[in-house]
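The structure appears below as structure tokens.
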Amino acid sequence: MGACLGACSLLSCASCLCGSAPCILCGCCPSTRNSTVSRLLFTSFLFLGVLVSIIMLSPGVESQLYKLPWVCEDRTQQPLVLQGPLDCGSLLGFRAVYRMCFATAAFFFFFMLLMTCVRSSRDPRAAIQNGFWFFKFLILVGITVGAFYIPDGSFPKIWFYFGVVGSFLFILIQLILFVDFAHSWNQRWLCKAEECDSPAWYAGLFFFTFLFYLLSIAAVALMFVYYTESGACHEGKVFISLNLTFCVCVSIIAVLPKVQDAQPNSGLLQASVITLYTMFVTWSALSNVPDQKCNPHLPTKNGTGQVDLEDYSTVWWDAPSIVGLVIFILCTFFISLRSSDHRQVNSLMQTEECPAEMVQQQQVAVSDGRAYDNEQDGVTYSYSFFHFCLVLASLHVMMTLTNWYSPGETRKMISTWTSVWVKICASWAGLFLYLWTLVAPLLLPNRDFS
């Protein structure tokens, strides 16, 4: 009898794995929305790849990676021994991360193509989006296994530039999410202040605005102290000064009377969030400057006392990488969990506001304690664009975990100016994007920017 019950339980689980998304969480979250669970499960696949990548970077895993055919062998299948402080074994983590993130990016790219132009859950492809999770996991595992057998050759160099472009775009997506979060935060606290007629909400907004600006000023001071030197590091001084000037300009523009009239919800809270994020991106860029005098994250000189970038040991974990990983996790969750309250952000992120009829349907489903499909009349987000965001997220986390180091000619990881300029340009593009959200209603008065 016990065996029969166990078999029935396994069959029930198997049917759930092949069924719709709410079926998986029906036991603990009976009123879960179909679209939210699907996004969370796809995001969990990405986080699983991130976890595997982090494990691959741990020194204890290197001995097992030596058994793979592409590890530390030249074209004649002879063991490869490199000269200098960095041997081939030290790069196993980097090569494994590249292949793991290639697998996740290829997985989401496949679904991005498959889910193009899906309009509602009645589309047969929507069943694939919202179900068959066990088979999706098998597909991801199969792609991962195949990725680890890709010949080394020029793969790391080519994939590095894919990572650079994808990470640049994901940094812009992160900034859009931060702008949206700050707008929603400001709007809700202002509504609370008006409803409760309490100055505490205004005091809270002022406190966090002041805190974010204070942290930004402290970041500027620390960057000048640790990433510049008198008579040297001119690029770093220019980057810090320019970004500080740009942040001051957008903060002033955000509180101009005409901008306030066009966008009453615009204010210093949003500008302070963007300023702090810009300072983080600047810090992350300076941590990749390939000059030991201007970058305290680079290791010490080699035995001859010469600064030779090709002899630098690889540093996987430093403060910018850890902070960047935390921000990546938060932003990816943010992509998965919600749609924006603002029409323009929904347009950019390919999500839709929840209509009144859907809200009523959700309330009925919650009262009945059952899962429900909230996409019968139309999808609440673009399936294809969501997977595109996860492709960019895979590339961004690859660059974050490897500290944006570039594979050198001698199979060594080096810090390059490419990563510096990409991050700095991303910070400028992000500031320009935020500036456009402020002045667009003034320049295009006939369009609706509500």
Nearest 0.5 Å please: distance from the [atom1] atom of [X] over to the [atom2] atom of [Y].
{"X": "S384", "Y": "L114", "atom1": "OG", "atom2": "CG", "result": "9.5 Å"}
{"X": "L190", "Y": "K192", "atom1": "CG", "atom2": "NZ", "result": "12.5 Å"}
{"X": "C247", "Y": "I274", "atom1": "SG", "atom2": "CD1", "result": "9.0 Å"}
{"X": "L330", "Y": "Q174", "atom1": "CG", "atom2": "CD", "result": "9.5 Å"}
{"X": "T418", "Y": "Y161", "atom1": "OG1", "atom2": "OH", "result": "5.0 Å"}
{"X": "D180", "Y": "L175", "atom1": "CG", "atom2": "CG", "result": "11.0 Å"}

Over all heavy atoms of both residues, which pair between [X] and [Y] is shortest? Give the atoms and the distance, please.
{"X": "I171", "Y": "A426", "answer": "CG2-CB, 3.8 Å"}
{"X": "A254", "Y": "Q260", "answer": "O-NE2, 2.8 Å"}
{"X": "A127", "Y": "F132", "answer": "O-CD1, 3.6 Å"}
{"X": "G49", "Y": "T104", "answer": "CA-CG2, 4.2 Å"}
{"X": "E229", "Y": "K237", "answer": "O-NZ, 3.0 Å"}
{"X": "A271", "Y": "S251", "answer": "CB-OG, 3.8 Å"}

Exercise for the section: Please step through side chain to side chain contact (heavy atoms under 4.5 Å, CB included) for the pair L211 and L215, ending with a clear verdict. Expected result: CA-CA 6 Å; L211 176 64; L215 291 175; 4.2 Å; yes
Taking the six-membered ring for Trp, are [X] and [Y] parallel (under 30°), tilted (30 to 60°) or perpendicular (over 60°)?
{"X": "F45", "Y": "F42", "result": "perpendicular"}
{"X": "F155", "Y": "W159", "result": "parallel"}
{"X": "W189", "Y": "W185", "result": "perpendicular"}

Can you check whether [X] reaches [Y] side chain to side chain, under 4.5 Å on heavy atoms?
{"X": "I173", "Y": "C331", "answer": "no"}
{"X": "M399", "Y": "F160", "answer": "yes"}
{"X": "S167", "Y": "L395", "answer": "no"}
{"X": "F110", "Y": "I143", "answer": "no"}
{"X": "F111", "Y": "Y383", "answer": "no"}
{"X": "L286", "Y": "T228", "answer": "no"}
{"X": "S427", "Y": "F246", "answer": "no"}
{"X": "T400", "Y": "F328", "answer": "no"}

[atom1] of [X]: more than 12 outside heavy atoms within 6.0 angstrom?
{"X": "Y202", "atom1": "OH", "result": "yes"}
{"X": "F47", "atom1": "CZ", "result": "yes"}
{"X": "F162", "atom1": "CZ", "result": "no"}

Handout entry: With L392, the side-chain contact (heavy atoms from CB on, under 4.5 Å) member among F108, F168, F170
Key =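 Option passing the side-chain contact (heavy atoms from CB on, under 4.5 Å) with L392: F170.
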Handout entry: Lys NZ or Arg CZ of K136 over W133 ring: under 6.0 Å, within 45°
Key =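 Output yes; distance and angle both within limits.
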Practice task
Start with the C-alpha distance between W421 and F239, add both sets of side-chain angles, then the distance that settles side chain to side chain contact (heavy atoms under 4.5 Å, CB included), and finish with yes or no.
Solution key: CA-CA 10 Å; W421 278 105; F239 293 153; 3.8 Å; yes
Exercise for the section: Would you confirm whether K423, through its side chain, and S284, through its main-chain N or O, come within 3.5 Å as a donor-acceptor pair? Expected result: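 Side chain of K423 to backbone of S284: a pair is present.
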Exercise for the section: Could you tell me whether the side chain of N288 and the main chain of N403 form a donor-acceptor pair under 3.5 Å? Expected result: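 Confirmed, N288 side chain pairs with N403 backbone.
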Exercise for the section: Kindly indicate, with the supporting measurements, whether the criterion side chain to side chain contact (heavy atoms under 4.5 Å, CB included) is fulfilled by L222 and Y227. Expected result: CA-CA 8 Å; L222 291 175; Y227 293 91; over 6 Å; no
Exercise for the section: Start with the C-alpha gap between M398 and Y98, add the side-chain angles, then the distance that decides, and say whether side chain to side chain contact (heavy atoms under 4.5 Å, CB included) holds. Expected result: CA-CA 6 Å; M398 177 185 77; Y98 267 39; 3.8 Å; yes
